[in-house]
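Everything numeric in this text was worked out from a predicted model, so none of it was measured. Throughout, numbering of the chain's residues begins at 1 and tracks the sequence.
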Amino acid sequence: REPERVFLKCWDGHQHHSVVLTYAATHGLNHFGFKVTDAADRDAYAGRLAARGIAVRRYDKGEWGPGHGQAIRFALPSGHEMELVYGMEQVGNMLPRTNPPPRPMGLIGMAPPRIDHIFLTAEEVDTSTGFLREVLDFRLTEQVVGDDGFQLATWLEVSHTSHDIALITGPNSGLHHFAFWVDDWNDIRTAADTCAYHGVHIETNPTRHGVTRGQCLYFFDPCGNRNEVFTGGYWVDPDAEPTTWTEAEMGRALFYYDGVVNQRFLTVHT
């Protein structure tokens with residue numbers, strides 16, 4: 001804890017933090033980051049960004065905050081601030097390294113093991129998607145393409161999961177939601193039970209997506225940000241072609257069982 005910030009992580013994360021809450025008058029996203037496996041990768045991407053005329057800010061280890069690694073920060077075409085980080089402090093998960101149980105005893109609430117993905121809004125989904133693919137080596141897994149041929153929403157990955165980041169049409173710099181992984185459908189049900197018991201507003205009851213084939217629950221935290229607990233999805237073959245959903249089937253792409261576009265889901269963001 002610091003006077004203005006709290007550093008948090010999910011129980012199965014080994015790094016110092018995965019979420020930082022900062023005191024502010026407004027809610028929303030300050031920045032988000034992805035880790036790189038070595039310093040050479042961070043510097044290589046810094047070179048690519050500089051070659052495109054994109055300003056890059058560098059942070060030494062611990063300069064931004066406790067436990068934080070060496071990082072570069074830059075703006076996406078959508079205005080979101082993104083980091084690439086190397087050398088986060090490793091604090092371990094909550095299990096011993098020898099003969100561990102499958103999960104810690106005494107976990108409270110939903111107790112997700114890790115962060116899963118982030119979903120952002122952008123005025124030009126095509127432009128930001130192209131940037132992620134061409135400059136940062138993300139792979140496009142699925143997309144919703146409008147009748148005019150432009151991308152309405154995209155899902156991209158760098159870890160062979162169904163998605164690590166997604167974009168949907170909306171204001172630049174907007175946060176649609178961020179998602180926590182849980183292990184199975186029963187954990188989705190438990191998350192809904194937990195929300196209901198504590199009076200947390202559930203936006204979308206347990207259901208599944210057409211895109212990613214994932215199962216999900218959406219709710220709002222006390223800050224007003226949308227959260228998701230997510231499970232399922234599929235393993236991505238890097239050679240696979242993206243799956244395309246048409247504008248007419250956007251409802252099923254987002255919520256497969258309902259099959260209709262939920263306007264609140266498309267328009268509410270922070």
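The two residues Val200 and Phe220 have their closest heavy-atom pair at CG1-O, 3.5 Å. Nearest heavy atom pair, residue Gly67 against residue His17, reads C-CE1, 4.2 Å. The nearest pair of heavy atoms linking Gly109 to Thr194 is CA-CG2, 4.2 Å. The shortest non-hydrogen separation linking Phe219 to Cys195 is CG-SG, 3.8 Å. The two residues Thr270 and Gly28 make their nearest non-hydrogen contact at OG1-CA, 3.7 Å. Of all non-hydrogen atoms in Pro104 and Leu107, the two that sit nearest each other are O-CG, 3.6 Å.
With hydrogens and angles ignored, the 3.5 Å screen pairs no side-chain donor or acceptor of Glu142 with any backbone N or O of Leu140. Formation of a donor-acceptor pair under 3.5 Å by the Gln70 side chain with backbone atoms of Gly87 is not found in this model. In this structure a side-chain-to-backbone donor-acceptor pair under 3.5 Å is missing from Asp258 to Val260. With Thr231 contributing its side chain and Trp185 its backbone, the two residues share no donor-acceptor pair below 3.5 Å. No side-chain donor-acceptor contact under 3.5 Å links Arg42 to the backbone of Ala71. Here the side chain of His27 pairs a donor or acceptor atom with the backbone of Cys223 at under 3.5 angstrom. Without hydrogens or angle criteria, His80 side chain to Gly174 main chain gives a donor-acceptor distance under 3.5 Å. Glu124 places no side-chain N or O within 3.5 Å of a backbone atom of Asp126 that could act as its donor or acceptor partner.
Residues Leu217 and Val182 are not in side-chain contact: their nearest non-hydrogen atoms beyond the backbone lie 4.5 Å or more apart. A heavy-atom distance below 4.5 Å is not found between the side chains of Ser78 and Phe131. Residues Phe74 and Leu136 meet the side-chain proximity criterion, which asks for heavy atoms closer than 4.5 Å. Between Ile54 and Val135 the shortest side-chain heavy-atom distance does not fall below 4.5 Å. Taking 4.5 Å as the limit, some side-chain heavy atom of Tyr45 sits within range of a side-chain heavy atom of Asp137. The side-chain heavy atoms of Lys9 and His16, taken from C-beta on, include no pair separated by under 4.5 Å. Between His31 and Arg73 the shortest side-chain heavy-atom distance falls below 4.5 Å. With contacts defined as side-chain heavy-atom distances shorter than 4.5 Å, the pair Tyr86/Asp43 does not qualify.
Gln143 and Thr244 form a side-chain donor-acceptor contact under 3.5 Å, judged by distance and modelled atom types alone. Side-chain atoms of Glu83 and His68 include a donor-acceptor pair closer than 3.5 Å.
With a 6.0 Å cutoff to the six-membered ring centre and a 45° limit on the axis angle, Arg5 counts as a cation-pi contact of Trp64.
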Should Arg48 and Glu134 be marked as a side chain to side chain contact (heavy atoms under 4.5 Å, CB included) after you check the CA-CA gap, both sets of side-chain angles, and the distance that decides it?
CA-CA 10 Å; Arg48 286 191 191 181; Glu134 296 160 15; over 6 Å; no
Mind running side chain to side chain contact (heavy atoms under 4.5 Å, CB included) on Ser128 and Glu123 for me, showing each step along the way?
CA-CA 9 Å; Ser128 292; Glu123 292 179 8; over 6 Å; no
For Asp164 and Arg139, run salt bridge (charged side-chain N to carboxylate O under 4.0 Å, His left out): C-alpha distance rounded to whole Å, both residues' side-chain angles, the deciding distance at 0.1 Å, then the answer.
CA-CA 10 Å; Asp164 297 300; Arg139 293 178 289 266; over 6 Å; no
Check the pair Trp181, Asp12 against side chain to side chain contact (heavy atoms under 4.5 Å, CB included), reporting the backbone distance first and the verdict last.
CA-CA 11 Å; Trp181 172 266; Asp12 207 17; over 6 Å; no
Is there a side chain to side chain contact (heavy atoms under 4.5 Å, CB included) between Cys216 and His209 once you walk through the steps?
CA-CA 7 Å; Cys216 59; His209 299 302; 3.4 Å; yes
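Around the CZ atom of Phe150, the shell of radius 6.0 Å holds no more than 12 heavy atoms that belong to other residues, nucleotides or ligands. Taking a 6.0 Å sphere around NZ of Lys35, one finds it holds 12 or fewer heavy atoms contributed by other residues, nucleotides or ligands. For Leu8, the CG atom sits in a packed shell: over 12 heavy atoms of surrounding residues, nucleotides or ligands are nearer than 6.0 Å. Other residues, nucleotides and ligands place no more than 12 heavy atoms under 6.0 Å from the OH atom of Tyr256.
Of the inter-residue distances, the one linking Leu120 atom CG with Ile168 atom CD1 reads 11.0 Å to the nearest 0.5 angstrom. Arg208 contributes atom CZ, which lies 12.0 Å from atom CZ of Arg252 (distance to the nearest 0.5 angstrom). Between atom CG of residue Leu152 and atom CH2 of residue Trp245 there is a gap of 14.0 Å, rounded to the nearest 0.5 Å. We find the CD-CG distance between Gln215 and Asp187 to be 11.0 Å, quoted to the nearest 0.5 Å. Atom CG of residue Leu254 and atom CD of residue Glu249 lie 11.5 Å apart, to the nearest 0.5 angstrom. Taking CD of Gln90 as the reference point, atom CG of Asn93 lies at 10.5 Å (rounded to 0.5 Å).
Between Phe230 and His117, the ring planes are perpendicular. Angles over 60° get that label, and only those under 30° would be called parallel. The aromatic rings of His177 and Phe265 sit tilted, their planes meeting at an angle between 30° and 60°.
Residue Tyr257 is grouped with residue Phe255 when hydrophobic side chains (ILVMFWY) are merged at heavy-atom distances under 4.5 angstrom, including chains of intermediate members. Residues Phe34 and Tyr59 do not share a hydrophobic cluster, clusters being chains of Ile/Leu/Val/Met/Phe/Trp/Tyr side chains in contact below 4.5 Å. Hydrophobic cluster membership is shared by Leu84 and Phe138, with clusters built from Ile, Leu, Val, Met, Phe, Trp and Tyr side chains linked at under 4.5 angstrom. Connection of Val145 to Trp155 is not established within any shared hydrophobic cluster, with ILVMFWY side chains joined at heavy-atom distances below 4.5 Å, either directly or through further cluster members. Both Ile165 and Val19 are members of a single hydrophobic cluster when ILVMFWY side chains are connected at heavy-atom separations under 4.5 Å.
Arg58 and Asp60 are not joined by a salt bridge, as no carboxylate oxygen comes within less than 4.0 angstrom of a charged side-chain nitrogen.
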